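To start, the structure under review is shown below, and the notes come after it.
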Amino acid sequence: MGKAVSESIYSDANVIVAMADVQHIEKHDKNSIPGILVITSHTKWNFERDLWENAIWISEPEATGFRRAWCDYRAELEADTLMDLSAQI
C-alpha cells in the first residue's frame with residue numbers, strides 16, 4: 001500500500017515547492033535577512049563558487065511556515081517507520 005500525505009505541495013505568496021523534491025533545508029542569513037535555502041533534487045553544488053545553484057530562498061517569517069509544513073510532510077510520509085518514543089519520556 002502506498003503512503004499518503006495530506007499535502008505534497010507547499011505554497012505561499014512567493015514560492016511553490018513540491019515537497020517530494022526537497023532534499024534538505026539550510027538556515028542562512030542572506031544580506032542580513034534570516035531565512036532558509038531549500039535544496040531540491042534540481043539544486044546543484046557549484047564547486048568553483050562553493051555554493052548551491054538553483055536553491056530556493058525563503059525568508060522569515062515564511063521560512064518558519066515552510067519548515068513546519070516540511071516536518072508535517074515527512075512525519076506523514078514516514079509514519080510507519082518512525083519509532084514511538086512516548087513511553088520513554
Side-chain angles (χ1 to χ4, degrees):
M1 182 169 143
K3 295 179 177 139
V5 294
S6 59
E7 189 65 49
S8 63
I9 303 290
Y10 175 82
S11 154
D12 70 14
N14 299 307
V15 298
I16 298 172
V17 180
M19 296 299 220
D21 287 344
V22 176
Q23 300 210 348
H24 70 277
I25 301 166
E26 296 180 359
K27 286 186 174 182
H28 284 275
D29 283 345
K30 183 176 180 182
N31 301 325
S32 299
I33 300 170
I36 57 173
L37 279 177
V38 179
I39 311 307
T40 72
S41 58
H42 308 288
T43 306
K44 304 294 181 217
W45 180 254
N46 183 323
F47 287 94
E48 291 178 17
R49 297 181 62 204
D50 197 33
L51 56 75
W52 291 108
E53 293 182 343
N54 302 326
I56 300 166
W57 172 256
I58 304 176
S59 58
E60 292 294 353
E62 291 81 11
T64 298
F66 180 86
R67 286 192 308 271
R68 185 175 300 117
W70 171 244
C71 288
D72 291 346
Y73 170 80
R74 294 305 301 187
E76 288 180 6
L77 187 66
E78 299 173 11
D80 61 339
T81 62
L82 296 175
M83 182 184 292
D84 181 6
L85 299 176
S86 61
Q88 311 219 358
I89 296 176

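Along the sequence shown, the residues carry numbers beginning at 1. All figures in this text were calculated on a predicted structure; none of them were measured in a lab. Computed from heavy atoms alone, side chains included, the values below leave out hydrogens, waters and symmetry copies.
Asp29 contributes no side-chain N or O that, together with a main-chain N or O of Ser32, makes up a donor-acceptor pair within less than 3.5 Å.
The side chain to side chain contact (heavy atoms under 4.5 Å, CB included) search around Asp21 returns Ala18, Thr40, Ser41, His42, not counting sequence neighbours. For Trp70, the ring-ring contact (aromatic ring centres under 6.0 Å, His included) partners are Tyr73, not counting sequence neighbours.
Only one option out of Leu37, Ile25, Val17 pairs with Ile56 in a side-chain contact (heavy atoms from CB on, under 4.5 Å); it is Val17.
Side-chain heavy atoms closer than 4.5 Å link hydrophobic residues (I, L, V, M, F, W, Y) into clusters, and following such links, even through other members, never connects Leu77 to Ile9. Linking Ile, Leu, Val, Met, Phe, Trp and Tyr residues whenever their side-chain heavy atoms come within less than 4.5 Å leaves Val22 and Ile39 in two separate clusters.
Once rounded to the nearest 0.5 Å, the distance linking NE2 of His28 with CH2 of Trp52 reads 9.5 Å. With rounding to the nearest 0.5 angstrom, the NZ atom of Lys30 is 12.0 Å from the CD1 atom of Ile36.
Between Tyr10 and Ile16, the closest side-chain pair of non-hydrogen atoms is not below 4.5 Å. For the pair Trp45/Asp50, a side-chain contact is recorded, criterion being any heavy-atom separation below 4.5 Å from C-beta on.
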Enumerate donor-acceptor pairs with a distance under 3.5 Å from any side-chain N or O in residues 58-67 to protein atoms, sequence neighbours excluded.
from, atom 1, to, atom 2, distance (Å)
Glu60, OE1, Thr64, N, 3.2
Glu60, OE1, Thr64, OG1, 2.7
Glu60, OE2, Arg67, NH1, 3.2
Glu60, OE2, Arg67, NH2, 3.3
Thr64, OG1, Arg67, NH2, 3.3

